[in-house]
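Contents: one structure, followed by commentary.
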4 protein chains.
Amino acid sequence: MTRGRPRSEESRRAVLSAALGLCERDGYQAVTLKDIAAAAGVGRQTLYRWWGEKAEILLEALGELAAEGLAAPEPSGDPAADLEEFLVRTFGSAGTYVGAVVVGVMVDGQGRPELGERVRRELIQPRRGELRPLLDRVLPPEVDRELAVDLVFGAMWYRLLNRHAPVDGAFAREVAAAVLRMAG
Amino acid sequence: MTRGRPRSEESRRAVLSAALGLCERDGYQAVTLKDIAAAAGVGRQTLYRWWGEKAEILLEALGELAAEGLAAPEPSGDPAADLEEFLVRTFGSAGTYVGAVVVGVMVDGQGRPELGERVRRELIQPRRGELRPLLDRVLPPEVDRELAVDLVFGAMWYRLLNRHAPVDGAFAREVAAAVLRMAG
Amino acid sequence: MTRGRPRSEESRRAVLSAALGLCERDGYQAVTLKDIAAAAGVGRQTLYRWWGEKAEILLEALGELAAEGLAAPEPSGDPAADLEEFLVRTFGSAGTYVGAVVVGVMVDGQGRPELGERVRRELIQPRRGELRPLLDRVLPPEVDRELAVDLVFGAMWYRLLNRHAPVDGAFAREVAAAVLRMAG
Amino acid sequence: MTRGRPRSEESRRAVLSAALGLCERDGYQAVTLKDIAAAAGVGRQTLYRWWGEKAEILLEALGELAAEGLAAPEPSGDPAADLEEFLVRTFGSAGTYVGAVVVGVMVDGQGRPELGERVRRELIQPRRGELRPLLDRVLPPEVDRELAVDLVFGAMWYRLLNRHAPVDGAFAREVAAAVLRMAG
DNA sequence: GTTTAAACGAGACGGTACGTCGAGTCTTCTC
DNA sequence: GAGAAGACTCGACGTACCGTCTCGTTTAAAC
């Protein structure tokens with residue numbers, strides 16, 4: 001039996017939406033909990049009650065984004081094409097402000113092991129889990145799957161952080177080709 | 001003709017050394033300009049005069065570290081062994097607290113384009129420049145060098161950030177083997 | 001309609017009290033906003049939110065002091081005695097550390113016209129207003145009231161600043177006698 | 001036996017002149033030792049070597065000003081006119097920025113007994129000494145001289161500090177008239 | 001002339017107070 | 001009892017001035 005005023009779903013959505021919007025406009029680092037509360041028309045205490053810090057809010061927002069755009073990865077007959085398509089979609093999304101938010105969340109997790117663990121579990125591992133079966137279908141058994149995942153997503157993260165070159169579909173196709181070449 | 005009291009080399013070294021020491025003990029994010037000034041026995045204004053922010057201090061400190069441990073990459077007769085040795089050394093160093101400092105500096109550069117550019121120029125590009133000729137000697141001409149560099153260092157950065165697995169000599173050898181496999 | 005947490009009257013009183021106490025112990029010039037915050041057990045930001053500078057805090061504190069010790073100036077039958085009593089009370093108070101605080105506040109107002117205006121309005125003019133009717137009852141109409149006020153309070157201020165002689169009841173009686181002599 | 005380079009009279013004059021100029025332009029409180037050194041084209045150490053603080057510099061500068069405009073107080077046959085003329089000259093000078101500087105110096109002396117003593121000795125007492133004989137010639141013996149001096153200069157200082165009315169020739173004449181009225 | 005030593009301009013140094021900002025908590029009123 | 005508003009404590013930030021110090025240069029008297 002629960003009592004009292006229930007959590008406001010409206011506030012929750014307003015916070016997530018405001019947080020994403022502010023990140024898109026000002027960049028993750030520049031956004032403040034105060035800003036988010038103001039933009040969402042929400043009390044500051046509400047943020048602390050339900051999330052506690054900026055990274056957790058964005059982590060949840062990113063989760064919703066992923067859930068919306070999940071789109072079942074219908075396995076076509078061509079494993080190589082399936083891999084390429086997955087990477088094109090993933091890298092394409094990472095190339096927008098969403099990638100910057102992901103980087104920001106990861107960055108905040110650097111100094112806080114607990115948050116880092118959540119990032120790993122909710123943001124990183126799911127993607128690894130999606131990539132792994134696609135690689136299974138193109139790689140011979142003697143190639144280590146985890147290493148291959150590190151190489152693929154590593155290249156993406158490296159460019160996201162370092163920005164020496166864009167993260168886009170073209171890059172995704174290059175990386176896919178390199179994997180296939182490794183497959184022999 | 002310059003006049004006035006010359007900059008104190010002693011203070012400079014004390015600052016760089018204190019900064020590294022505090023990062024090793026407390027982690028990059030936890031270290032404060034105040035802490036560094038206190039640990040170095042130096043006025044806070046001196047830090048702002050010559051560096052201006054934590055990342056710049058550590059950037060310079062990392063530069064000195066790199067200069068000390070440069071060790072000419074004597075090209076032996078075996079290109080594959082040379083590549084592996086370079087990666088073992090590089091990953092080995094990144095596996096210590098130094099890697100955490102590098103991540104911290106990079107992370108701070110995310111929200112500040114100017115600092116990001118310095119990080120890229122002084123920290124990232126030099127390493128890419130060292131790796132490239134080693135790859136030249138093992139990769140066939142049709143494999144894109146920049147892509148290969150992205151894959152190699154990407155894997156390293158991905159693990160540094162994400163910490164799902166160690167960055168060490170074993171990992172360096174796996175990556176080297178994957179590159180050679182890509183070479184066909 | 002106002003909402004949110006109301007201003008803490010407790011903090012306000014703690015600040016005013018701490019400020020006066022520190023001034024009494026260390027002298028106005030030596031007291032720091034930091035000191036006041038610490039002594040009052042209050043955040044530094046609170047001082048900046050409500051007052052903004054040392055002089056404003058003491059101005060308010062002096063206002064409260066004046067309000068406490070106002071004591072209606074019951075007009076007796078003897079105008080000369082009333083004048084003398086007023087001056088004895090006023091000079092007596094100015095002779096304590098309170099006079100030093102008043103000087104300090106005035107001094108701070110020298111370089112800031114806005115603050116100077118407040119000091120004039122809240123600290124100086126009220127006292128002139130109290131003195132004027134007392135002078136009216138002892139001075140003939142041809143003597144300029146404002147000049148007389150300047151002479152009386154001027155003598156007090158001159159000694160407060162210059163400290164070549166005490167500001168006390170004896171001095172108050174001398175000044176009162178001089179005024180009566182001017183009255184003819 | 002003195003040796004070494006002698007003190008530079010040129011620097012000394014440049015400092016005094018720069019100090020007065022800056023006070024006229026920016027007001028005493030706003031002027032900094034750093035500013036004076038820069039404006040005088042002089043090293044900061046030179047200021048500390050010969051003066052030690054702002055007030056001492058201005059004290060010396062005011063002394064030079066007074067020495068320049070001393071003008072012998074030729075006693076005419078009319079004591080009342082002599083008094084009035086003295087006050088008109090004195091108040092006239094105090095009405096310019098010079099008065100503001102005098103106030104500034106006095107104010108700085110509030111928190112430092114040693115400096116206060118110098119101000120009293122070099123700035124205040126000489127003027128009292130000039131006024132006293134002029135009062136002697138107009139006041140009957142039963143009127144206390146020191147009290148009369150306090151009233152006259154007190155009125156001037158009170159207006160200098162408080163600025164509720166100008167310090168000028170007209171005010172000087174009013175004060176002179178009040179003194180004569182006190183004389184009976 | 002050469003030496004000697006103090007004063008000089010310049011400017012970096014270690015400190016300290018300032019005023020601002022974001023984080024996280026607390027208090028009051030409203031829904 | 002959840003939520004909006006906003007005041008609260010705390011502590012890092014970056015700036016400014018202070019008073020000291022360390023340079024290399026200049027100046028004039030002593031030798």
Side-chain angles (χ1 to χ4, degrees), chain A residues 2-8 10-12 14-15 29-35 37-38 40-50 52-54, chain B residues 1-12 14 30-35 37-38 40-50 52-54, chain C residues 1-12 30-38 40-50 52-54, chain D residues 1-12 14 30-35 37-38 40-50 52-54:
Chain A
T2 58
R3 286 207 302 168
R5 182 174 176 175
R7 177 174 181 182
S8 160
E10 186 186 344
S11 288
R12 187 183 144 272
V15 167
Q29 328 282 338
V31 174
T32 280
L33 281 180
K34 212 172 186 173
D35 294 342
V42 139
R44 221 129 63 75
Q45 194 56 45
T46 300
L47 268 47
Y48 286 105
R49 191 182 344 264
W50 298 112
E53 65 176 295
K54 183 168 58 166
Chain B
M1 163 134 37
T2 58
R3 292 213 289 179
R5 180 175 179 174
R7 177 173 181 183
S8 160
E9 174 64 14
E10 186 185 344
S11 288
R12 186 182 144 272
V31 174
T32 280
L33 282 179
K34 211 172 185 174
D35 295 341
V42 140
R44 218 134 63 78
Q45 191 57 46
T46 298
L47 268 48
Y48 289 107
R49 187 175 2 255
W50 296 111
E53 63 176 297
K54 184 168 57 166
Chain C
M1 162 147 22
T2 57
R3 289 213 291 177
R5 181 177 179 174
R7 177 174 179 182
S8 160
E9 175 65 13
E10 187 185 343
S11 287
R12 186 182 144 271
V31 174
T32 279
L33 282 180
K34 213 172 184 174
D35 295 342
I36 297 176
V42 140
R44 218 133 60 78
Q45 195 58 46
T46 298
L47 268 47
Y48 288 105
R49 187 179 356 258
W50 297 112
E53 65 176 296
K54 182 169 58 166
Chain D
M1 163 151 19
T2 60
R3 286 215 294 177
R5 182 176 180 175
R7 177 174 181 182
S8 160
E9 175 64 14
E10 187 186 344
S11 288
R12 186 183 144 272
V31 174
T32 278
L33 282 180
K34 210 173 186 175
D35 294 341
V42 138
R44 220 130 64 80
Q45 193 58 48
T46 298
L47 268 49
Y48 287 105
R49 184 171 7 248
W50 298 112
E53 64 176 296
K54 182 168 59 165

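Within every chain, numbering begins at 1; the chains are lettered A, B, ... in the order of the sequence lines, protein sequences first and strands thereafter.
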Residues two or more places apart in sequence or in another chain: which of them pass side-chain hydrogen bond (donor to acceptor under 3.5 Å, both in side chains) with C/Thr46?
none
Excluding sequence neighbours, so at least two apart, what forms side-chain hydrogen bond (donor to acceptor under 3.5 Å, both in side chains) with B/Ser8?
B/Ser11
Under a 4.0 Å heavy-atom criterion, the protein footprint on nucleotides 6-12 of chain F, written with B, S and -, is BBBBB-B
Under the side-chain contact (heavy atoms from CB on, under 4.5 Å) test, residues paired with A/Arg49 that sit two or more places apart:
A/Gln45
Would you please name every residue forming a side-chain contact (heavy atoms from CB on, under 4.5 Å) with D/Arg12, sequence neighbours left out?
D/Arg7, D/Glu9, D/Leu16, D/Trp51, D/Glu60, D/Glu64
Between [atom2] on [N] and [atom1] on [X], what's the gap in Å once rounded to a whole number?
| X | N | atom1 | atom2 | result |
| --- | --- | --- | --- | --- |
| C/Ile36 | E/dA17 | CD1 | C1' | 13 Å |
| B/Leu47 | E/dC13 | CG | C1' | 12 Å |
| D/Glu9 | E/dA7 | CD | C1' | 14 Å |
| C/Glu53 | E/dT20 | CD | P | 11 Å |
| A/Glu10 | E/dC31 | CD | C1' | 13 Å |

Qualifying residues under salt bridge (Lys or Arg N to Asp or Glu O under 4.0 Å), relative to B/Glu10, sequence neighbours excluded:
none
How close do A/Val31 and A/Lys54 get, heavy atom to heavy atom, and via which atoms?
O-NZ, 2.9 Å
